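Both ligands and their constituent atoms are indexed starting at 1 by order of listing. These numbers come from a predicted model, not from an experiment.
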Amino acid sequence: MKDISKRGMMTRIIHAGQHVDPQTGAVATPIYQTSTFSFRDADHGAACFGGEPGYKYTRLGNPTTEALENNIAQLEGGCGGLGAASGMAAVNMVYLTILSQGTHVVATESLYGPSRMILENEYPRFGVESTFVDTSNPENLAAAMQDNTKLVYIETPANPTLKLADIKACAEIAHAKGAVVAVDNTFASPYLQNPLELGADIVLHSMTKFINGHTDVVAGMVVAKDPDMLARLAKVHYNMGGTMDPHQAWLVLRGVKSLGLRMERAMENAMKLATFLENHPKVDWIRYPGLESHPQYALARKQMRGGGAVFSFGVKGGLEAGKTVINNVEIPILAVSLGGIESLIEHPASMTHAGIPAAERLEADITDDLVRIAVGCEAYEDLEADLARVLDMI
Ligand SMILES: *Cc1c(COP(=O)(O)O)cnc(C)c1O
C-alpha cells in the first residue's frame, strides 16, 4: 500500500489503498470474483489459518474488498476497515461486537430508522438495554450514562433532523465511563468529517450514500482506530457473515473516486438551494448545517469541512403543503436514500421513520411537516426553478 497519508484529501480519495496490478499493469483494481483461494501446500494453508497474511476464503478477506477497506480506513485515519454487505450489516457488526447481556447503550434519539428500531425491537431479547437522548447537548449524554453503558452510538449530522453532536465532547464523556464511542458518519462522509480524529473509537458508513454516490449499490463499512478493536470487530463480522462481495466492493471503488468532486458540487447546490428556501415566504423553517441559522453552526464549522448536501425543511401549511411539494417536483426524485448524484426527496414521518412510534418521533423533533431533501449535482438553476414552481402551488 502506498503511503500517501500526508497528501491532500482529493489525492487520498483517488489513490489510498490502490496499487497498479504488478502482474498486468492494470490501473483499476481487478474484481477478484472468487469464493476461495488455493494454498501452495498444507503448511501454507495452516499458516494462513494461523494468522499469517494470505487469502483463504472470500468471506474472510478478498483483494478487491481489501482495496476498498484500505481506502476508506485511510480517509478516516483508522488502522483498518471491514467491508459489510450493507450499512445495517455495519451497524449490527458494531452492536454485536460491543454489546452483550446486561449491557446498556446510549444512542442519538434521531438515528437512522433501523439503527434505532433494532435496538428497541431486537436487542432487548438478548438483555441489552438502550437509552435515546438528544446528543446535540452533551449534558444529555452525561446524564444517561450508567455503570453498564458499554457503547455510545452517535449519528452526526443526524437523520433526518440534521442536528449535530459534538464528537469530542461526547467521546470525553463516554471514555470517562469506559464506554466505546461509535459514530455513523454517513451524512458527512470522510470528505467532510473524521470522527476518529475527534476521539471516536469506531466510525461506520452506509456506503450506499455519498461514498458510492451513484444510487446503484447497497454497502457498508466499519473503520476502527486501533488494531485491538479491529480484531474484535473482525472476529464477529467474519463469522456472522454480513460481509462484502468483491463485485460490490469494485463498484464502490469506482464510485468513491469521485467523492470529492461530487461532494463539492452537491454542497454548492445545497447551500444555494437552502439559502433560497430560507428566504422564501412559503417556507416555515429549514435546518442545514451550512446555514448560519443552524442552531449549531459554530460546531459545524469546528468539526466539519462543509455543511453536507442534505437538509430538512417544513413549509407553511404543514404535512398537506409538504405533500404538494413532494408530489409535484420534477427534478428531485421521490425516493428514500441520499448521497447520490441525483437529488432525492422524501417524507421521513411516513417513510424512513414510520417504524418509530409517533410520540417518540415527535420527541426526537421528527415532525410531520419535515421534508428531507438530498441535493444532487444537477444544474442549480433547474433545482431552484423546480422548487420555486411547486412552492407557488401552495
Ligand atoms: C442508509 C443509512 C444506513 C443504513 O445503510 P444501508 O446501506 O441502507 O443498510 C445507516 N445509517 C445512515 C445514517 C444511513 O443513511
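Applying the 4.0 Å criterion to heavy atoms of Val218 picks out, from ligand 1, the atoms 7 (O). In the vicinity of Asp184, heavy-atom distances shorter than 4.0 Å reach the ligand 1 atoms 10 (C), 11 (N), 12 (C), 13 (C).
Neither the backbone nor the side chain of Met207 comes within 4.0 Å of ligand 1, counting heavy atoms alone.
At the shortest separation from atom 10 (C) of ligand 1 among protein heavy atoms lies Tyr112 CD2, 3.4 Å. For atom 7 (O) of ligand 1, the closest non-hydrogen atom on the protein side is Thr208 OG1, 2.6 Å. Protein heavy atom closest to atom 6 (P) of ligand 1, with residue, atom name and distance, is Gly87 N, 3.3 Å.
In the hydrophobic clustering of ILVMFWY residues, with side-chain heavy atoms under 4.5 Å counting as a link, Val375 and Leu370 come out apart.
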- Task: Begin with the C-alpha distance, continue with both residues' side-chain angles, and end with the deciding distance and a verdict on salt bridge (Lys or Arg N to Asp or Glu O under 4.0 Å) for Arg389 and Asp386.
- Result: CA-CA 5 Å; Arg389 181 181 54 79; Asp386 199 25; 2.6 Å; yes
- Task: Evaluate the criterion side chain to side chain contact (heavy atoms under 4.5 Å, CB included) for residue pair Ile4 and Gln74; output intermediate values, then yes/no.
- Result: CA-CA 9 Å; Ile4 53 158; Gln74 286 193 37; 3.8 Å; yes
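Residue contacts with ligand 1: Met88 is placed with a nitrogen or oxygen under 3.5 Å of a nitrogen or oxygen of the ligand (distance criterion only). Checking only distances, Val91 never comes within under 3.5 Å of ligand 1, N or O to N or O.
Counting only non-hydrogen atoms, the option in Glu155, Lys209, His205 that gets closest to atom 15 (O) of ligand 1 is Lys209.
When side chains are defined from C-beta on, Arg116 counts as touching Glu360, because their heavy atoms get closer than 4.5 Å.
For Asp147, the CG atom counts as loosely surrounded, since its 6.0 Å shell holds 12 or fewer non-hydrogen atoms of other residues, nucleotides or ligands. For Met240, the CE atom counts as loosely surrounded, since its 6.0 Å shell holds 12 or fewer non-hydrogen atoms of other residues, nucleotides or ligands.
The two residues Met263 and Ser189 come nearest to each other via the heavy atoms CE-OG, 3.6 Å.
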